Protein chains: 2
Amino acid sequence: MAFMIAQRAYLKLFLIGMVEKRKGYGYEMLEELKEQFRPFGYVPPQSEIYRALHELVQEGILYRTKRLKGNDPSIDFQEIVLYHFTEDGVTKADLYKKQVKIDLDRCLGMLNKAVHDHY
Amino acid sequence: MAFMIAQRAYLKLFLIGMVEKRKGYGYEMLEELKEQFRPFGYVPPQSEIYRALHELVQEGILYRTKRLKGNDPSIDFQEIVLYHFTEDGVTKADLYKKQVKIDLDRCLGMLNKAVHDHY
DNA sequence: GCATGAACACTTTGTTCATTA
DNA sequence: TAATGAACAAAGTGTTCATGC
């Protein structure tokens, strides 16, 4: 058993949550997460977001579609990658979330123990 | 800012606590910590304990003395390394603990956010 | 500058090995 | 087996680079 939850697993949880709410593509999710974690001084690195998304695809939880960002191709050529749940993605995601929850609780226990024992 | 608190920093906190209570040497502290963390399924690796102790020495918080473990050298040759606070070790340790506390709280915040947001 | 991805480097950690007198 | 330490290997992460629009 590893010491603490991995950054990757933690981010996957939030990315799954964002796909649930139809928040679409990597860069956008990155910016949103930067904002969410600002109070904690944690800046999720770009590479980790993409790695996490790729893993979720590999695991068959998400699949990708590509779109042009804007409506008018003459002014916006930017291609973006949107993420959606696969057929059994929601089920798989729920299972994953259950596993992560167990680890989160374990980590909370260990951190709380440190606080209680030493402060 | 790193994502989570490092294992090393976490263990140092507990090792400092043990030296405060005059729990003496590495192997013993390792076994004690294994016991303490058993409920969490976390088994602190031997190498991390020694590395953490060595760092605390390097940082001038602890110093080492060597002793034979038993009282009768004819039956117990085992040499052990005992750890004690240096002159300003307690002050330095307190400072270190303050820094770790800030990080522990930050990590607790992040884990609690995950739980509140996704469960 | 937005968006995606890969390469590379670095740090931390885990495992194994060596030594004891 | 208890005790310490180091060497080595692997994993995870952070930074930088490459690409296209």
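Since this is a predicted model, take the numbers as computed values, not measurements. Note on naming: letters A, B, ... go to the chains in the order of the sequence lines (proteins, then strands), and numbering restarts at 1 for each one.
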Check the phosphate of dG5(D) against Y50(B), side-chain N and O only, distance under 4.0 Å to OP1 or OP2. Yes or no? no

Whole-Å distance separating the CZ atom of R51(B) from the C1' atom of dA3(D): 17 Å

Short side-chain N/O contact from R8(B) to OP1 or OP2 of dT13(C), under 4.0 Å: yes

When you compare the side chains of E32(B) and Y27(B), does any donor N or O come within less than 3.5 Å of an acceptor on the partner? no

Within the distance-only criterion (no hydrogens, no angle test), does the side chain of H118(B) pair as donor or acceptor with the backbone N or O of A114(B) below 3.5 angstrom? no

Under a 3.5 Å limit for both distances, which nucleotide forms a Watson-Crick or G-U wobble pair with dT1(D), could you say? none

Return no unless some side-chain N or O of R64(A) is found under 4.0 Å from OP1 or OP2 of dA3(C). no

Any side-chain N or O of Y27(A) less than 4.0 Å from the OP1 or OP2 oxygen of dC2(C)? yes

For dG14(C) and Q46(B) - does any side-chain N or O of the residue sit under 4.0 Å from the phosphate oxygens OP1/OP2? no

In whole angstroms, how far is the P atom of dT15(D) from the CD1 atom of I49(A)? 14 Å

Separation of dT4(D) atom C1' from M29(B) atom CE, nearest Å, is 12 Å

Just checking, is any N or O donor in the side chain of Y63(B) or E87(B) under 3.5 Å from an acceptor N or O on the other one? no

Round to a whole Å and report the spacing from NZ of K66(A) to P of dC2(C). 20 Å

Of the nucleotides dT4(D), dG14(D), dT4(C), which has the atom closest to the S47(A) side chain? dG14(D)

State yes or no: are the ring centers of F3(A) and F40(B) separated by less than 6.0 Å? no

Using purine N1 to pyrimidine N3 plus N6-O4 or O6-N4 for Watson-Crick, or N1-O2 and O6-N3 for G-U wobble, each under 3.5 Å, what pairs with dA6(C)? dT16(D)

Atom OH of Y10(B) and atom P of dT12(C): how far apart are they, to the nearest Å? 19 Å

Write down the distance between CD (E48(B)) and C1' (dT16(C)), rounded to a whole number of angstrom. 15 Å

